Amino acid sequence: MASTPAARAEQEVGTIETPVEAGAVRPSAAVLRGRVRECDRLLPRPGTVPHSDVPTVGWREFCDPAGPWLGRCVEEWQERGGFRHRRAGIVLVAFRFGWLACCATVPEYHLGVEIPSLEGLRVVVSGEGRLSALRTTGALPAEAGPADWWRQLSDAFTPLAEALHALGGPEPGSHEYWGNPVGSIATVLWRLQRGGMPGDVVRSARELRAATGRAELLDIDPDRDGPWMRRRTCCQWWRGTGGYCDECVLWDSSARKR
């Protein structure tokens with residue numbers, strides 16, 4: 001069996017051992033709860049969007065290409081970015097979900113607490129059609145490791161990729177889709193690092209990247225000046241008015257210099 005954080009040390013109820021504690025005294029449950037709350041402050045996580053009268057939609061219902069939600073979400077991106085090519089809005093829906101799903105789950109892996117479960121996922125959709133937030137319930141088993149984390153994220157992402165293809169986007173297995181959740185692993189951890197979160201974020205990123213089986217979609221170099229990660233696919237946002245992401249694949253391109 002592959003090594004997991006849980007296999008590296010004795011476990012506490014509701015927690016697993018992860019890189020943040022390697023070779024150090026494990027933080028108390030109160031400290032870990034405080035760090036999770038800090039993640040809520042630093043990232044758009046399920047707990048940071050207040051519950052309101054805005055209805056939530058089941059994930060499978062949202063991903064129905066014949067339903068009212070997904071197509072409107074694509075159009076919202078098209079309108080917001082002023083894109084001429086419809087592919088941009090389609091890929092950005094994949095970007096948005098990949099980002100929110102990693103924000104909802106990667107911090108817990110890094111901190112060594114139970115990873116939220118994406119089973120039974122519901123989403124908040126704004127009146128404009130924007131995918132605003134995720135609503136998760138429950139957690140993966142305490143012994144869950146990187147492979148378990150990726151399995152549930154992949155299971156949630158696959159119907160989205162298939163539905164976006166049905167709306168005219170790339171094939172479901174396209175790197176244009178899958179580069180978004182893979183790339184977001186490091187972006188989440190980079191933001192935690194910048195926010196002062198302890199632990200070896202590069203190690204966490206490498207462990208989760210390896211679990212995806214798509215390591216070629218994310219470059220990690222801790223000796224690089226500036227952000228230590230680079231995506232290897234484009235989210236398309238640069239085509240609009242959003243500028244370039246910290247981890248943009250176009251970081252060193254001639255297009256970006258113009």
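Just the heavy atoms: all of them, side chains too, but no hydrogens, waters or symmetry mates, feed the values below. This is a predicted model, so every value here is computed, not measured.
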Exercise for review: Determine, for Glu38 against Arg41, whether the closest basic-nitrogen to carboxylate-oxygen distance falls under 4.0 angstrom.
Suggested key: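 Looking at Glu38 and Arg41, the cut-off is met.
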
Can you give me the closest heavy-atom contact between [X] and [Y], atom names plus distance?
X	Y	value
Pro146	Tyr109	CG-OH, 3.5 Å
Gln193	Trp228	OE1-NE1, 2.8 Å
Met197	Cys39	CE-SG, 3.7 Å
Pro107	Arg45	CG-NH1, 3.6 Å
Asn180	Glu176	ND2-O, 2.8 Å
Leu208	Ile185	CB-CG2, 3.9 Å

Interatomic distance, [X] atom [atom1] to [Y] atom [atom2] [nearest 0.5 angstrom]:
X	Y	atom1	atom2	result
Thr212	Leu153	OG1	CG	10.0 Å
Thr137	Arg122	OG1	CZ	10.0 Å
Arg130	Glu76	CZ	CD	4.5 Å
Asp155	Leu121	CG	CG	12.0 Å
Arg206	Asp200	CZ	CG	8.5 Å
Arg60	Leu160	CZ	CG	10.5 Å

Practice item. Check salt bridge (Lys or Arg N to Asp or Glu O under 4.0 Å) between Arg33 and all other residues, then give those that pass, not counting sequence neighbours. Key: none

Point to revise | Verdict with reasoning, Leu70 to Asp64, per side-chain contact (heavy atoms from CB on, under 4.5 Å) | key: CA-CA 7 Å; Leu70 186 59; Asp64 180 0; over 6 Å; no

Study note, to complete from the structure: The side chain to side chain donor-acceptor pair (under 3.5 Å) partner of Asp219 among Arg230, Arg209, Arg224 is Arg224

Practice item. For Arg72, look at atom CZ and say whether over 12 heavy atoms of other residues, nucleotides or ligands are found less than 6.0 Å away. Key: yes

What pairs of donor and acceptor atoms, side-chain ones from residues 88-105 against any protein atom, are under 3.5 angstrom apart with sequence neighbours left out?
unit_1	atom_1	unit_2	atom_2	d
Arg96	NE	Leu131	O	2.9
Arg96	NH2	Leu131	O	3.4
Arg96	NH2	Ser132	O	3.2
Thr105	OG1	Ala101	O	2.7
Thr105	OG1	Trp149	NE1	2.9

Review point. Any side-chain heavy atom of Leu42 within less than 4.5 Å of one from Arg191?
Key: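 SC-SC contact between Leu42 and Arg191 ruled out.
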
Review point. Distance-only, no hydrogens or angles: does the Asp148 side chain make a donor-acceptor pair with backbone N or O of Gly145 under 3.5 Å?
Key: yes

Practice item. Could you tell me whether the side chain of His110 and the main chain of Pro198 form a donor-acceptor pair under 3.5 Å? Key: yes

Exercise for review: Please lay out, stage by stage, how Arg80 and Gln78 fare under the test side-chain contact (heavy atoms from CB on, under 4.5 Å).
Suggested key: CA-CA 6 Å; Arg80 191 174 358 154; Gln78 288 289 126; over 6 Å; no

Check your understanding: Under the side-chain contact (heavy atoms from CB on, under 4.5 Å) criterion, do Thr56 and Phe62 qualify, and how do the steps go?
Key -> CA-CA 10 Å; Thr56 61; Phe62 177 85; over 6 Å; no

Review point. Is the closest side-chain donor-acceptor distance between Glu119 and Ser117 under 3.5 Å?
Key: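 Not at all, the side chains of Glu119 and Ser117 share no donor-acceptor pair under 3.5 Å.
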
